Amino acid sequence: MTATDTLFRPPAPAPRRTAPDLFDFLAALRANPLTTWTEDHFEHPILAGEGALGRVTVVHDPAAIRHVLVDNAANYRKDDLQRRVLAPGLGNGLLTAESDEWRLQRRTLAPLFSPRRVAEFLPPMIEAAERLVRRWRRRSDGRTLDVALEMTRVTLDVLERTIFTSGLKRDPDALGRAITRYFEALGPLDPLDIFGMPDWLPRIGRIRARPALRFFEEVVGELIEGRRDLLARGDPAPSDILTLLLQAADPETGRGLSDLEVRANIVTFIGAGHETTANALSWSIYLLSQDDSARERVEAEVEAVIGGSRLAPEMLPRLVFTKAVIEEALRLYPPVPYMSRAALAQDRIGNLKIPRNSIVTIAPYVLHRHRRLWHEPCAFMPDRFLPGPGAREGIDRFAYLPFGAGPRVCIGSAFALQEAVVVLASVVKAGRFELARGHDVMPIHRVTLRPSGGLPMRLRLRR
Ligand code: HEM
């Protein structure tokens, strides 16, 4: 047996040999867009063609990606399909805003995610992880849990603790349920959106998502009102994201955010920040459950760094292998598996013409498994992310895009990575998860990349 035979290659749909016809393509897009990718996509740096969505150029060449996302970023905007899927929930928050509106919001919101601020969010992250483990200790040892659901709970808990420290003043699980309902309703792509039909035509997903959205708006609206009053009276206010949003001012003009913008961004942070991070954690836990040697290395690191103590800020930089596992999980199962842009004016990528209004697609899921860019692209090998020139530093910045790149790079990436290390280390310290017998794991693309049918795993707690 050779060394490559012992590598763990986690499940993923096999790429198609040939491109699907239109009918097949639409059916696959609705069932699981991951199944639309062909062998050619994983082999070729750039593919251009006329498809059901018009002219699409699929770009997985790092230099070309840099051109689209950074060097000529001003010529590209998020395309209408993404906006149509995300905008009904996220309003005109940072993720969906464009042009001047986006620039103003990005400038105003950047200080909320500075390294100093993110470090200040560490205690609530540790508290949320501890609360999760305490709950398991009370009632879950030896039981089968849906790890995907557990991770969604803890990432929501982190957001609640960092966005509104004073709590929601509602049933704590009600927000979680509303968010889950919202994503489930909007998950499958609607053919009306795919074909760019006008917004006034009713979409079933949006109708189903409406009550959850109304609930969000109500809860968040009440919180904004209460906090504005508090700040207006000059009373001491909690130092959380809500206060920061209400006090934020554009560094160039001094303009603050309207209540509508504050609400849109709270909903955006929750929408963009909870399920993505939960997926990164679920996949990390699953990958470790299938690879004893990697699991033992994380366990040894957690024991050496944290031991019997409470997780503390100075320990975080030493959890190097734990972080490498998360980065490798983000490579194999990027929570945002697909990004696309529309060209505002005609452009060129090398010799290839990019017509005005045509779509450029960059799929981190394909890029991260591209055969020209990665050694053993489909194998779980966390060592490639260990610090050093032969590993992490050797990875091309534009071959690895879990958080995107350029001006629209994820504003919450440092927040998410810090949170993921805290939660994964706490989970590994608490016990071991084994995949429930008979459950087949398969990734599905539903706005984010998640395990289809959840992740039932048996928990064995450490004494
Ligand atoms: C593992 C977790 C996460 C992943 C993989 C992720 C991924 C991404 C990606 C790929 C983009 C860029 C999309 C594009 O260019 O089309 C993005 C943007 C964004 N993310 Fe994240 N994200 C994560 C966590 C978070 C968190 C925790 C927050 C906030 C608390 C957040 C807030 C945002 C926002 C507001 C944007 C829009 C930025 C802009 O357009 O200026 N994300 N994210």
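Reckoned from all heavy atoms, side chains included, excluding hydrogens, waters and symmetry mates. As the structure lists them, so they are numbered: ligands from 1, and atoms in each ligand from 1. Predicted model only: the values in this text are computed from it and were never measured.
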Candidate with minimal heavy-atom separation from atom 4 (C) of ligand 1, of Tyr338, Phe403, Phe415: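 It is Phe403 whose heavy atom sits nearest to atom 4 (C) of ligand 1.
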
Please work out which of Glu275, Arg341, Gln418, Glu98 has its closest non-hydrogen atom nearest to atom 16 (O) of ligand 1.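 It is Arg341 whose heavy atom sits nearest to atom 16 (O) of ligand 1.
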
Element-labelled atoms of ligand 1 that are located less than 4.0 Å from some non-hydrogen atom of [X]:
X	result
Pro402	5 (C), 7 (C), 10 (C)
Met339	13 (C), 14 (C), 15 (O), 16 (O)
Gly273	25 (C), 26 (C), 27 (C), 28 (C)
Pro335	5 (C)
Trp102	39 (C), 40 (O), 41 (O)
Gly404	10 (C)

Please determine whether any non-hydrogen atom of Glu419 lies less than 4.0 Å from an atom of ligand 1.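 For ligand 1, residue contact (heavy atoms, under 4.0 Å) with Glu419 is absent.
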
Show your reasoning for whether side-chain hydrogen bond (donor to acceptor under 3.5 Å, both in side chains) applies to Thr448 and Asn279. CA-CA 8 Å; Thr448 60; Asn279 288 340; 2.9 Å; yes

Polar atom proximity, Arg106 to ligand 1 (N or O, under 3.5 Å):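 There is such a contact, yes.
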
List the steps and the verdict of side-chain hydrogen bond (donor to acceptor under 3.5 Å, both in side chains) for His44 and Asp61. CA-CA 8 Å; His44 295 284; Asp61 168 62; over 6 Å; no

Could you walk me through whether Glu43 and Arg372 pass salt bridge (charged side-chain N to carboxylate O under 4.0 Å, His left out), step by step? CA-CA 7 Å; Glu43 294 277 0; Arg372 295 202 188 188; 5.4 Å; no

Decide if the gap between the ring center of Phe121 and the ring center of Phe415 is smaller than 6.0 angstrom.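 Yes - the distance between ring centres of Phe121 and Phe415 falls below the 6.0 Å cut-off.
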
Quick one: does ligand 1 sit under 4.0 Å from the side chain of Val336, the backbone, both or neither, non-hydrogen atoms only?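 Side chain only.
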
Check whether Lys78 reaches the backbone of Leu95 with its side chain - one donor and one acceptor, N or O, closer than 3.5 Å.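 Yes, because the side chain of Lys78 sits within donor-acceptor range (under 3.5 Å) of the backbone of Leu95.
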
Judged by atom type as modelled, is there a donor-acceptor pair below 3.5 Å linking the side chain of Arg369 to the main-chain atoms of Leu332?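 Answer holds: yes.
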
Stepwise, does the side-chain hydrogen bond (donor to acceptor under 3.5 Å, both in side chains) test hold for Arg227 with Thr243? CA-CA 7 Å; Arg227 189 67 61 85; Thr243 298; 2.6 Å; yes

